[in-house]
Amino acid sequence: MDKRYQHQDHEQKIYDLWQKNNAFNPDSENQPAKQPRYKNKNAPKPFCILLPPPNANDPLHVGHAMYVVEDVLIRYHRMLGDDTLWLPGTDHAGIETQFVFEKKLQKENKSRFDFDRQTLYQMIWDYVQKNSDVAVDQLKKLGFSLDWSRFKFMLDEDIVKIVVQTFQELAEKNLVYRDMKLVNYCTHCGTGFSELEIDHVEKKAPLYYIKYGPLTLATTRPETKFGDTAVAVHPDDKRYQKYVGQEIEVEDLMGNFKLKVIADEYVDPKFGTGVVKITPAHDFNDFEVWQRHQDEILNPKDEIPGLKQVIDYRGHMTALAGPYEGMYLQKARQEVVKDLQKKGLLVKVDENYQHSISTCYRCDTIIEPLPLPQFFIKVKSLTQKALQALDEGKVKIHGAGHDKILHHWLKNLKDWNISRQIVWGIRMPVWYSTDHPDIHVVFLDKNNKRIEGALNEFLDRYEGKYALKDIAGGLQELRAPIQAQYIISPASPGENYLQETDTFDTWFSSAQWPYTTLMTNQLNDFDRFYPTSVMETGYDILPFWVMRMLMMGLYKTNDVPFRDVYLHGLIRDTKGQKMSKSKNNTIDPLEVIDQYGADALRMALVIRSSAGLDKSVGEGDFIAARNLTNKLWNAARFILLNGAEVSNSTKSGKETQDKKYLEKLESITQEITQQLNDFKIGLAAETLYNEFWHWFCDECIEKSKTGKISQPALVQGLSTFLKLFHPFMPFITETIWQTLQREKLIVVGDQPLSQPLPQSLPQLLTASDSQLIALSAWPQ
RNA sequence: GAACUCGUAGCUCAGUUGGUUAGAGCGCUACGUUGACAUCGUAGAGGUCAGUGGUUCGAGUCCACUCGAGUUCACCA
């Protein structure tokens with residue numbers, strides 16, 4: 001044995017050995033549950049974790065390395081003899097991936113508008129396939145004991161089928177509806193988002209005081225004035241009482257027009273002048289006010305009366321903005337302000353006004369509230385079931401107060417907008433009848449020319465020059481008006497239908513990950529492993545993912561998708577700062593593995609970590625953990641070097657002096673076991689570290705040198721610690737274990753290691769090949 | 001505005017249902033290369049457990065308030 005532990009020499013070989021022995025497949029004959037020591041036990045209990053599927057297209061970062069918590073639990077339960085499955089997979093990560101792909105297109109001087117949606121989808125598919133092996137390799141480098149034979153991808157046909165089916169069921173139960181609401185829309189990414197995906201940034205923005213006939217009002221968005229449908233004041237505001245219910249004549253940039261003055265509690269009389277312009281197509285609050293007062297401000301000429309959209313989905317002014325049509329809205333704002341000033345309609349400007357604006361979490365573009373027909377899921381019945389499951393303790397949340405946060409989310413959740421205007425995802429099984437004349441389409445013709453407009457202008461049956469199938473083939477996007485007739489069906493319901501171009505929110509499919517993966521693998525996996533045992537993930541996606549899995553799981557299976565939720569914290573740098581590329585303080589897990597070994601990385605991340613709390617990690621932590629591997633190595637080395645010569649001389653009664661030592665060994669085992677059962681992973685690692693180093697090495701090995709502890713007892717101590725350490729540091733423990741076996745110091749798995757080993761160590765049998773995965777039984 | 005979390009050694013953090021002298025890593029001081037390990041060992045310095053009050057035989061741990069740090073949600077014409 002080397003004087004130092006050289007992780008480079010062992011890790012790959014050990015992982016290959018595990019794979020060769022099919023060690024991570026619960027159906028394999030090598031499972032601990034199938035070893036003789038478990039023969040007389042009851043049927044093994046199932047223990048299942050689903051790997052939170054990483055983005056198929058991304059290399060791993062140090063956050064993913066926190067999956068080590070899962071491997072600890074999985075290996076622990078496998079060693080206990082449970083029927084253990086850790087199921088791997090990857091996610092298509094809709095917007096993230098399309099965003100990255102579009103950046104790549106940009107470098108090639110292309111954009112998403114150059115391709116029809118099928119072609120674009122195929123291109124992204126190929127691109128993702130090319131990159132997806134990277135993540136898998138990295139998970140293996142970390143030593144994760146995932147059952148690769150059950151690997152799943154979110155867009156696998158069988159998974160998509162279930163996701164689509166679920167949507168159809170929801171619709172049949174009247175839990176899906178299509179509605180024209182304002183959505184948070186990113187004009188750069190070209191899609192709407194749910195409110196969870198929006199960032200808020202504090203920003204200084206000029207507040208413009210503008211003359212509206214006899215009134216003056218304050219706004220930060222003068223360019224939206226062409227979408228005004230009313231002016232509002234507070235009902236109790238004496239200053240404006242006489243105007244309420246009246247129409248006022250407003251002088252404007254495009255001639256005079258009339259606006260109704262309405263009264264609504266929403267208006268804060270103390271803000272600005274106490275007068276607000278109501279622009280329902282571009283402001284969430286205005287939209288609500290407008291809905292409340294629709295009867296008063298009706299304008300029957302509009303398609304949707306009163307909802308005047310002046311900004312389009314690319315961020316440009318629409319025809320309603322007259323001379324400003326086509327301008328990007330920032331530019332339009334400048335021009336409008338300039339022109340208002342010229343006309344003497346600008347009263348004053350407050351340059352120091354501060355407010356928060358919504359930005360796209362993906363590309364930082366300012367989010368525009370825009371009216372768009374979208375599909376929504378009614379969440380009330382789903383959240384109620386989830387709350388009930390939480391209250392009844394069917395699901396336990398481990399992690400500093402996050403159970404309360406989940407409660408809060410579930411109580412306040414709004415209906416879930418699941419439509420996304422992107423290509424990379426599961427296309428919604430919604431079919432619009434083309435008999436409705438007003439479907440807006442964008443498509444590429446046979447010469448790849450981009451054509452946009454109302455469908456009936458193009459169709460041959462209305463004397464246009466395209467067949468429907470040509471339009472469908474070259475389709476980029478479609479916008480059916482809110483009144484459009486539609487049918488929900490996995491396949492086309494007939495010739496005259498066009499399929500919705502929107503895809504599902506990524507989280508709509510990931511919310512179904514627990515049952516889709518288990519339903520589409522081995523036949524009985526669902527019965528065998530659902531509900532899964534533990535969901536382990538970062539607290540940052542609690543509302544996005546964990547909450548929705550709970551909702552969807554309860555809906556679809558009438559049972560919780562998991563019994564325990566362990567939330568790990570974020571990894572921070574040594575100063576406690578968040579890691580980010582811009583701060584240049586990120587840690588590449590692969591570099592750490594190269595330098596210190598996977599075991600050291602795993603231990604450093606997990607030791608003294610606490611559920612739900614962030615953890616700061618740096619070079620020093622990796623060195624310390626690497627030193628621990630070396631300590632373990634050398635303890636083993638010492639025992640091996642002394643093995644043969646001491647073992648012959650330990651025939652006579654050393655039992656009494658070993659007694660206390662063995663008791664302590666057992667109490668350590670119990671302590672660690674208890675801590676792991678209680679999900680105190682970080683504490684278990686710390687206890688293990690201290691007991692091994694400061695008790696076993698510093699005290700016991702020293703005592704053994706003077707014969708105060710017998711060699712067999714010491715060997716037993718080593719084997720116990722190897723087993724206890726194994727879930728945390730699988731490579732080095734397995735390496736040592738294999739060495740001890742070769743040296744015939746330790747018997748394989750089913751030997752009762754909790755009792756002192758037989759004295760004649762060298763005579764013991766070695767393992768057969770099928771028992772090579774010997775480090776598999778937890779000490780008892 | 002609201003909720004949640006945190007405040008323990010110079011730094012980063014553990015501390016399990018309240019229970020002896022409050023722990024680890026890194027750093028620091030002194031000594032030590034005796035046959036597992038210098039990626040080491042021995043010894044040591046360093047803490048009013050943010051503050052105040054309360055419950056208790058007993059509080060770092062439970063309760064109330066105060067101060068400080070952070071996260072999230074809501075609102076913002």
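- Distance CD (A/E691) to C1' (B/rU16): 14 Å, rounded to an integer number of Å.
- Heavy-atom distances to RNA chain B give each of A/I198 and A/D283 a nearest nucleotide, and the one nearer the 5′ end belongs to A/I198.
- Looking at residues two or more places apart in sequence or on another chain, you find no ring-ring contact (aromatic ring centres under 6.0 Å, His included) involving A/H408.
- B/rG7 sits 29 Å from B/rU29 when the C1' atoms are compared, rounded to a whole Å.
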Under 3.5 Å, side-chain donor or acceptor atoms of residues 674-689 of chain A against the rest of the protein: list the pairs with distances, not counting sequence neighbours.
{"unit_1": "A/Q674", "atom_1": "NE2", "unit_2": "A/D678", "atom_2": "OD1", "d": "3.3"}
{"unit_1": "A/Q674", "atom_1": "NE2", "unit_2": "A/D678", "atom_2": "OD2", "d": "3.3"}
{"unit_1": "A/Q675", "atom_1": "OE1", "unit_2": "A/T687", "atom_2": "OG1", "d": "3.2"}
{"unit_1": "A/Q675", "atom_1": "NE2", "unit_2": "A/T687", "atom_2": "OG1", "d": "3.3"}
{"unit_1": "A/N677", "atom_1": "OD1", "unit_2": "A/Y76", "atom_2": "OH", "d": "2.8"}
{"unit_1": "A/N677", "atom_1": "ND2", "unit_2": "A/T673", "atom_2": "O", "d": "3.4"}
{"unit_1": "A/E686", "atom_1": "OE2", "unit_2": "A/R608", "atom_2": "NE", "d": "3.4"}
{"unit_1": "A/T687", "atom_1": "OG1", "unit_2": "A/L683", "atom_2": "O", "d": "2.7"}

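- Using C1' as the reference atom, B/rG35 and B/rG23 are 32 Å apart when rounded to the nearest Å.
- Between A/Y324 and A/F226, the ring center distance clears the sub-6.0 Å criterion.
- Annotation: B/rA9 and B/rG15 have their P atoms spaced 15 Å apart (nearest Å).
- For the P atom pair drawn from B/rA43 and B/rG25, the interatomic distance equals 13 Å after rounding to whole Å.
- A/E619 comes within 4.0 angstrom of no nucleic acid atom, judged by non-hydrogen atoms across all strands.
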Report each atom pair, protein N/O against N/O of nucleotides 4-14 of chain B, whose distance is under 3.5 angstrom.
{"unit_1": "B/rU12", "atom_1": "O3'", "unit_2": "A/S616", "atom_2": "OG", "d": "2.7"}
{"unit_1": "B/rU12", "atom_1": "O2'", "unit_2": "A/S616", "atom_2": "OG", "d": "2.5"}
{"unit_1": "B/rC13", "atom_1": "OP1", "unit_2": "A/S616", "atom_2": "OG", "d": "3.4"}
{"unit_1": "B/rA14", "atom_1": "O2'", "unit_2": "A/E686", "atom_2": "OE1", "d": "2.7"}

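- At whole-Å resolution of the value, CD1 in A/I681 and P in B/rU16 are 16 Å apart.
- Taking A/H355 as the reference, A/Y353 meet the ring-ring contact (aromatic ring centres under 6.0 Å, His included) condition, with sequence neighbours excluded.
- Regarding A/F622, its CZ atom lies at a distance of 22 Å from the P atom of B/rA24, rounded to whole Å.
- With sequence neighbours excluded, the residues satisfying ring-ring contact (aromatic ring centres under 6.0 Å, His included) with A/H77 are A/F47.
- The CG-P distance, from A/D2 to B/rA36, rounds to 17 Å in whole Å.
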When the side chains of residues 619-630 of chain A are checked against the rest of the protein, which donor-acceptor pairs come out under 3.5 Å, sequence neighbours left out?
{"unit_1": "A/E619", "atom_1": "OE2", "unit_2": "A/Y596", "atom_2": "OH", "d": "2.3"}
{"unit_1": "A/D621", "atom_1": "OD2", "unit_2": "A/G618", "atom_2": "N", "d": "2.9"}
{"unit_1": "A/T629", "atom_1": "OG1", "unit_2": "A/R626", "atom_2": "O", "d": "2.5"}
{"unit_1": "A/N630", "atom_1": "OD1", "unit_2": "A/Y5", "atom_2": "N", "d": "3.1"}

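- For A/R292, the side chain to side chain contact (heavy atoms under 4.5 Å, CB included) criterion is met by A/D264, A/Y266, A/E288, A/V289, not counting sequence neighbours.
- A distance of about 22 Å separates the P atoms of B/rA36 and B/rC26, rounded to the whole Å.
- Between A/N690 atom CG and B/rA24 atom P the separation is 7 Å, expressed in whole Å.
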Tabulate atom names and distances for all N/O pairs under 3.5 angstrom spanning the protein and nucleotides 37-44 of chain B.
{"unit_1": "B/rC37", "atom_1": "O4'", "unit_2": "A/N634", "atom_2": "OD1", "d": "2.9"}
{"unit_1": "B/rC37", "atom_1": "O4'", "unit_2": "A/N634", "atom_2": "ND2", "d": "3.3"}
{"unit_1": "B/rC37", "atom_1": "O2'", "unit_2": "A/N630", "atom_2": "ND2", "d": "3.0"}
{"unit_1": "B/rC37", "atom_1": "O2", "unit_2": "A/K631", "atom_2": "NZ", "d": "2.8"}
{"unit_1": "B/rC37", "atom_1": "N3", "unit_2": "A/K631", "atom_2": "NZ", "d": "3.0"}
{"unit_1": "B/rU39", "atom_1": "OP1", "unit_2": "A/R4", "atom_2": "NH2", "d": "2.8"}
{"unit_1": "B/rU39", "atom_1": "O4'", "unit_2": "A/N627", "atom_2": "OD1", "d": "3.1"}
{"unit_1": "B/rU39", "atom_1": "O2'", "unit_2": "A/N630", "atom_2": "ND2", "d": "2.9"}
{"unit_1": "B/rU39", "atom_1": "O2", "unit_2": "A/R626", "atom_2": "NE", "d": "3.0"}
{"unit_1": "B/rU39", "atom_1": "O2", "unit_2": "A/N627", "atom_2": "OD1", "d": "3.4"}
{"unit_1": "B/rU39", "atom_1": "O4", "unit_2": "A/R4", "atom_2": "NH1", "d": "3.2"}
{"unit_1": "B/rC40", "atom_1": "OP1", "unit_2": "A/N627", "atom_2": "ND2", "d": "3.3"}
{"unit_1": "B/rC40", "atom_1": "O3'", "unit_2": "A/K631", "atom_2": "NZ", "d": "3.2"}
{"unit_1": "B/rG41", "atom_1": "OP1", "unit_2": "A/K631", "atom_2": "NZ", "d": "3.4"}
{"unit_1": "B/rG41", "atom_1": "OP1", "unit_2": "A/W693", "atom_2": "NE1", "d": "2.2"}

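- Distance, A/Y353 OH to B/rC75 P: 13 Å, rounded to whole Å.
- Straight-line distance from the NZ atom of A/K411 to the C1' atom of B/rC73: 15 Å, rounded to whole Å.
- Of the possible polar contacts, one joining the A/R602 side chain to the A/F728 backbone as a donor-acceptor pair under 3.5 Å is found.
- Of the C1' atoms belonging to B/rG19 and B/rC28, the separation is 33 Å, rounded to the nearest Å.
- When heavy atoms are screened at a 4.0 angstrom cut-off, A/Y539 is found touching no nucleic acid atom at all.
- With sequence neighbours left out, the ring-ring contact (aromatic ring centres under 6.0 Å, His included) criterion links A/W416 to A/F508.
- Nearest heavy-atom pair, A/R239 versus A/G274, reported as atom, atom and distance to 0.1 Å: NH2-CA, 4.1 Å.
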Secondary structure of RNA chain B in dot-bracket form (Watson-Crick or G-U wobble, distances below 3.5 Å, | marking inter-strand pairs): (((((((..((((.....[...)))).(((((.......))))).....(((((..]....))))))))))))....
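- Partners of A/K396 by side chain to side chain contact (heavy atoms under 4.5 Å, CB included), not counting sequence neighbours, listed by chain and number: A/H398, A/D564.
- Aromatic pair A/W737/A/F725: centroids not less than 6.0 angstrom apart.
- Atom CG in A/L542 sits about 18 Å away from atom P in B/rU71, given to the nearest Å.
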Report all side-chain donor-acceptor pairs from residues 202-215 of chain A shorter than 3.5 Å, counting only partners two or more places apart or in another chain.
{"unit_1": "A/K204", "atom_1": "NZ", "unit_2": "A/N352", "atom_2": "OD1", "d": "3.4"}
{"unit_1": "A/Y212", "atom_1": "OH", "unit_2": "A/D228", "atom_2": "OD2", "d": "2.4"}

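- B/rU61 and B/rG18 have their C1' atoms separated by 6 Å, given to the nearest Å.
- Residue A/W409 is classed as a sugar-phosphate contact, given heavy-atom separations below 4.0 Å to backbone atoms only.
- Nucleotides B/rU17 and B/rU56 are separated by 16 Å at their C1' atoms, to the nearest Å.
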